[in-house]
Structure formats: structure tokens, C-alpha cells
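Report on one structure; see the data block that follows.
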Amino acid sequence: MENTIYDIILADGTMIHATMNGNNYITDDEVNTVILSDENLENVNIGGADYYDMTCTNIWTEDGHTRFIIRELTDSEKLKKCIIELSALM
């Protein structure tokens, strides 16, 4: 069985090459919480498809590979983020 390699391009142009296993990506590239920050996940291209307002829900090392889960924010999470940002301006 052949694994599809996804090119994941983050907002700052960082490219991660990863395969998918269920809902998590597996990579040998250097990936950490700084690279997968909320700011860097505001605009993400995965395999040619654009996604916006993503978040990293988990990142860990297993079997010598980095695994991570990213997903789009829900509408209620986006609203909460907006409220927090507006509160900070007051």
C-alpha cells in the first residue's frame, strides 16, 4: 500500500512533507509548536487546497517521527477568538 505524501505549506512559507494516518500527519521534517503556531496556521495549503483559521490540537514524537493533528477552527472557536482579540483592544 502506497502512502500519499502531502505538501503542507504554512502561512510563513514553511513546507512540511507528511503522510496521513487517520487524523494525524506523520513527518520526518522538523515540526514543533513554534512552527505550528496559530499565526502560522491562519492560512494553510494542504495538497493544493487552501484552509483558513486552523489550529494544532496535538503534536508528539513516536517511532522516530513527528506526528501532529491540525484542523480548522469551528465557528464558535472563531467567534471566541474574535471576542478575545476585541477585548484586548479595549
Side-chain angles (χ1 to χ4, degrees):
M1 184 165 139
E2 187 175 328
N3 290 328
T4 301
I5 297 178
Y6 293 89
D7 290 331
I8 302 168
I9 304 170
L10 306 177
D12 71 353
T14 299
M15 183 180 287
I16 302 168
H17 306 286
T19 58
M20 182 168 247
N21 181 20
N23 69 343
N24 63 85
Y25 291 96
I26 304 169
T27 185
D28 291 329
D29 295 343
E30 182 180 339
V31 179
N32 55 45
T33 55
V34 173
I35 292 171
L36 295 176
S37 67
D38 288 341
E39 294 78 22
N40 223 6
L41 293 173
E42 287 180 355
N43 181 355
V44 180
N45 183 288
I46 302 174
D50 290 322
Y51 298 90
Y52 303 94
D53 295 322
M54 297 190 82
T55 188
C56 178
T57 59
N58 205 345
I59 185 169
W60 71 100
T61 302
E62 183 179 312
D63 299 327
H65 305 286
T66 301
R67 296 174 181 251
F68 61 95
I69 300 171
I70 55 176
R71 65 169 177 80
E72 289 184 283
L73 293 173
T74 64
D75 287 341
S76 62
E77 288 171 323
K78 289 177 187 178
L79 179 60
K80 182 179 177 180
K81 182 179 173 182
C82 230
I83 290 169
I84 291 170
E85 289 172 357
L86 285 174
S87 296
L89 295 175
M90 296 179 163

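Taking OG1 of T19 as the start and CD1 of I5 as the end, the distance is 7.5 Å to the nearest 0.5 Å. Annotation: the span from E62 atom CD to N21 atom CG amounts to 9.0 Å, rounded to 0.5 Å. Distance CG/L89 to CD1/I84: 12.5 Å, rounded to 0.5 Å. Here the straight-line distance linking atom OG1 of T55 with atom CG of L73 works out to 5.5 Å at 0.5 Å rounding. Separating the CD atom in E72 from the CG atom in D53 is a distance of 8.0 Å, to the nearest 0.5 Å. The CD1 atom of I69 lies 11.5 Å from the CG atom of L36; values are rounded to the nearest 0.5 Å.
Smallest separation of non-hydrogen atoms from M15 and D29: O-OD2, 4.0 Å.
Residue pairs that meet the ring pair (Phe, Tyr, Trp, His ring centres under 6.0 Å) test with at least one member in residues 15-37, sequence neighbours left out, are Y25-F68.
A donor-acceptor pair under 3.5 Å is formed between the side chain of N40 and the backbone N or O of D12. Between the N32 side chain and the I35 main chain, a donor and an acceptor come within less than 3.5 Å of each other.
In E30, the CD atom is not crowded: 12 or fewer heavy atoms of neighbouring residues, nucleotides or ligands sit closer than 6.0 Å. Heavy atoms of other residues, nucleotides or ligands lying less than 6.0 angstrom from NZ of K78 number more than 12.
In the hydrophobic clustering of this structure, I70 groups with I59; members are Ile, Leu, Val, Met, Phe, Trp, Tyr whose side-chain heavy atoms approach within less than 4.5 Å, directly or through other members. Placement of I9 and Y52 in two distinct hydrophobic clusters is found when ILVMFWY residues are connected by side-chain heavy-atom separations under 4.5 Å, directly or transitively.
A heavy-atom distance below 4.5 Å is found between the side chains of C56 and L41.
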How far apart are the C-alpha atoms of H65 and D28, what are their side-chain angles, what is the distance that settles it, and do they pass the side-chain contact (heavy atoms from CB on, under 4.5 Å) test?
CA-CA 5 Å; H65 305 286; D28 291 329; 2.5 Å; yes
